[in-house]
Amino acid sequence: LRLEPAPRTSVRAASLATAPSAGLRWAPDAGEWRPTAGLEVGARWAPDGGAAMTGGLRAGLEWLVMRDVALAGGVGLRWTAGEGAAAEAALGLTLYF
């Protein structure tokens, strides 16, 4: 689940949008530091009711801080219907259970 800015358009003011997505993530190593790659598809809903399909490709690095807790950083490309593609950078916290 992502919270991201929905940019201003000719019919909508800028706002914070909710963007749930599902995807595949590949981490080739189970060590403390591991490279990751991912592919995802989802949707973005703005508070005013506007919705758009999204998709993304990402590559990054994950650090296993302790058992079942990891910090991650990555860069990628995100596509949003009606807006095109844009580069992104992300930081995250992952809890495995």
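Along the sequence shown, residues carry numbers from 1.
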Distance-minimising heavy-atom pair for [X] and [Y]:
| X | Y | value |
| --- | --- | --- |
| Ala52 | Ala81 | CB-O, 3.9 Å |
| Met53 | Trp79 | O-CZ3, 3.9 Å |
| Pro35 | Pro28 | O-CD, 3.2 Å |
| Ala27 | Thr36 | CB-CG2, 4.0 Å |

Please determine whether residues [X] and [Y] belong to a single hydrophobic cluster, defined as Ile, Leu, Val, Met, Phe, Trp and Tyr linked transitively by side-chain heavy-atom distances below 4.5 Å.
| X | Y | result |
| --- | --- | --- |
| Trp26 | Leu61 | no |
| Val69 | Leu64 | no |
| Leu91 | Met66 | no |

If I take atom [atom1] from residue [X] and atom [atom2] from residue [Y], how far apart are they, to the nearest 0.5 angstrom?
| X | Y | atom1 | atom2 | value |
| --- | --- | --- | --- | --- |
| Leu93 | Leu71 | CG | CG | 6.0 Å |
| Glu40 | Thr54 | CD | OG1 | 6.5 Å |
| Leu39 | Arg25 | CG | CZ | 13.5 Å |

Counting C-beta onward and ignoring hydrogens, is there a side-chain heavy-atom pair between Trp33 and Glu62 closer than 4.5 Å?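 Trp33 does not reach Glu62 side chain to side chain.
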Are Arg58 and Val75 packed together at the side-chain level, in the sense that at least one heavy-atom pair is separated by less than 4.5 angstrom? no
Arg78/Glu83 ion pair, N-O < 4.0 Å: no
